[in-house]
**Student:** 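Once you've had a glance at the structure underneath, I'll fire off some questions.
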Amino acid sequence: MSTPHKLADADNAANTGDKRTARRAGNRTRHGSGLTRALGYTALVVVALLYIYPFLIQLATSFKTDADATSHPLSLWPQHFTTAAFSRLAEADYPRWFANSVVVSLSVTAGRVFFDSLAGYALARLRFRGRSALFAAVIAVMAVPGVVLLIPKFLVLNQLGMYDSYSGMIVPLLADAAGVFIMKQFFESIPISVEEAARIDGASTFRIFWSVVLPMARPALITLTILSFQGSWNELPHFIVSRQSPDLNTLTTGVASLVSGQLGQGNQYPIKLAAALLMTIPVALVFFAFQRHFVRGGTDGATKG
């Protein structure tokens with residue numbers, strides 16, 4: 001065989017060897033990545049089970065008897081299935097607590113969405129003296145622990161004659177610094193040219209805000225709605241200092257009274273966990289229904305600041 005043919009055969013053999021080596025390397029890489037992915041999913045499942053397990057205990061205990069809950073507190077299956085805990089809640093003041101929570105939460109959510117949006121737009125677009133100082137004050141309020149404001153809240157509500165009333169429970173929660181911050185950051189990510197076009201057409205500032213900018217801020221509005229509803233639904237310290245009458249109990253204050261043994265002697269595990277379970281359902285439904293918008297809204301609101 002001539003020398004050129006020998007060289008060509010050598011090159012072909014080398015190329016074939018390179019391909020085989022590359023194929024084996026690719027197989028090892030895919031095998032390694034597949035193993036890493038499997039280990040990652042396994043870790044996620046384990047962590048998810050750790051978080052879900054307490055909820056499953058809560059669900060199972062809600063359908064247990066008092067004796068069963070005491071004897072087998074960590075069992076995920078009731079030995080004697082019963083709905084007695086839910087029947088006792090229905091006969092107690094739980095429906096009133098639920099209604100009060102709905103009224104307060106919906107009112108607070110609507111107020112926060114409106115007022116936080118107005119304040120966020122003003123800080124993002126309007127030019128006025130002291131705007132930077134005002135925004136710095138909003139950021140500073142976010143750093144103040146809520147418990148520090150409980151006694152001042154009580155004194156102010158008492159002086160204004162709003163103590164032990166729906167207005168005293170609702171009005172102080174109608175705006176919050178975190179909501180203002182979220183809306184300001186999102187409004188700043190909207191191109192100002194859109195507003196300039198509307199202003200050329202003769203639209204007022206509020207008209208631009210209401211008809212042009214606010215519809216574009218839908219992801220941020222959904223994020224704010226979820227956070228506002230969840231926060232007002234789970235609020236406890238403010239409702240403790242703003243009311244005294246049992247008729248104004250919300251779910252948080254009502255369930256707290258159950259923990260103190262209001263409905264009788266014994267541990268009362270089933271009725272306590274049944275009340276907590278029913279209290280959790282509305283917030284969970286709202287979050288799972290809008291979680292895609294919640295994540296997108298949080299991301300969009302952080303694109304510019």
Side-chain angles (χ1 to χ4, degrees), residues 89 92-123 128 130-131 133-184 224-264 268 271-272 275-276 278-280 282-283 286:
L89 286 176
D93 292 332
Y94 196 89
R96 178 185 291 274
W97 303 342
F98 190 89
N100 288 340
S101 289
V102 170
V103 171
V104 172
S105 297
L106 292 181
S107 301
V108 170
T109 300
R112 283 188 179 181
V113 170
F114 180 70
F115 291 116
D116 290 354
S117 299
L118 280 176
Y121 182 76
L123 291 173
F128 55 90
R131 187 183 68 148
L134 183 59
F135 181 64
V138 171
I139 300 299
V141 169
M142 295 174 61
V144 177
V147 68
V148 176
L149 304 176
L150 291 181
I151 294 179
K153 279 184 178 181
F154 169 76
L155 296 176
V156 171
L157 292 175
N158 198 30
Q159 288 294 323
L160 295 178
M162 298 170 62
Y163 178 72
D164 204 23
S165 65
Y166 280 110
S167 59
M169 298 169 65
I170 295 173
V171 173
L173 301 178
L174 289 180
D176 70 318
V180 174
F181 178 80
I182 291 174
M183 297 309 300
K184 175 185 181 298
L224 182 58
T225 300
I226 295 175
L227 294 177
S228 299
F229 182 81
Q230 183 181 27
S232 57
W233 186 269
N234 295 327
E235 179 65 38
L236 176 62
H238 172 70
F239 295 150
I240 291 178
V241 301
S242 63
R243 46 143 294 279
Q244 184 179 14
S245 173
D247 293 336
L248 294 178
N249 266 332
T250 60
L251 284 173
T252 50
T253 55
V255 172
S257 67
L258 294 180
V259 176
S260 64
Q262 179 183 4
L263 295 183
Q268 302 289 322
I271 192 170
K272 294 175 184 177
L278 293 177
M279 178 181 171
T280 305
V283 177
V286 170

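Worth knowing before you read on, the calculation uses all heavy atoms, side chains too, and leaves out hydrogens, waters and symmetry mates. The first residue in the sequence is number 1, and the count goes up from there.
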**Student:** Looking at S242 and G168, what are the two nearest heavy atoms and their distance?
**Tutor:** CB-O, 3.7 Å
**Student:** Work out which heavy atom in T109 is nearest to a heavy atom in S105; give both atom names and the distance.
**Tutor:** OG1-O, 2.7 Å
**Student:** At what distance, to the nearest 0.5 angstrom, does CG of L251 lie from CG of L236?
**Tutor:** 11.5 Å
**Student:** Could you go through the side chain to side chain contact (heavy atoms under 4.5 Å, CB included) check for T252 and M279 one step at a time?
**Tutor:** CA-CA 8 Å; T252 50; M279 178 181 171; 3.0 Å; yes
**Student:** If I take atom CZ from residue R112 and atom CG from residue L224, how far apart are they, to the nearest 0.5 angstrom?
**Tutor:** 8.0 Å
**Student:** Please check this pair: side chain of N100 against backbone of D247, looking for a donor-acceptor N/O pair closer than 3.5 Å.
**Tutor:** yes
**Student:** Please report the C-alpha distance between I182 and D116 in whole Å, then the side-chain angles of each, then the deciding distance to 0.1 Å, and finally whether the side chain to side chain contact (heavy atoms under 4.5 Å, CB included) criterion is met.
**Tutor:** CA-CA 9 Å; I182 291 174; D116 290 354; over 6 Å; no
**Student:** For the residue pair L174 and S107, what are the closest heavy atoms and their distance?
**Tutor:** CD2-O, 3.8 Å
**Student:** Please set out all donor-acceptor pairs under 3.5 angstrom arising from side-chain atoms of residues 149-162, sequence neighbours excluded.
**Tutor:**
none

**Student:** Determine, stepwise, if the pair L89 / F98 fulfils side chain to side chain contact (heavy atoms under 4.5 Å, CB included).
**Tutor:** CA-CA 11 Å; L89 286 176; F98 190 89; over 6 Å; no
**Student:** Could you go through the side chain to side chain contact (heavy atoms under 4.5 Å, CB included) check for T253 and R243 one step at a time?
**Tutor:** CA-CA 10 Å; T253 55; R243 46 143 294 279; 3.7 Å; yes
**Student:** Looking at every non-hydrogen atom in both residues, tell me the closest pair between A122 and R131 and how far apart they are.
**Tutor:** O-CD, 4.2 Å
**Student:** OG of S101 to CE of M169: how many Å apart, nearest 0.5 Å?
**Tutor:** 7.5 Å
**Student:** Let me confirm one number: the CD-CG distance from E235 to L173, rounded to the nearest 0.5 Å.
**Tutor:** 5.5 Å
**Student:** Is S228 reaching over with its side chain to a backbone N or O of T225, donor-acceptor style, under 3.5 angstrom?
**Tutor:** no
**Student:** Please list, chain by chain and in numerical order, all residues satisfying ring-ring contact (aromatic ring centres under 6.0 Å, His included) with F229, sequence neighbours excluded.
**Tutor:** W233
**Student:** To the nearest 0.5 Å, what is the distance between CG (L123) and CZ (F181)?
**Tutor:** 11.0 Å
**Student:** If you look at every heavy atom in W97 and P246, which pair is closest and at what distance?
**Tutor:** NE1-O, 4.5 Å
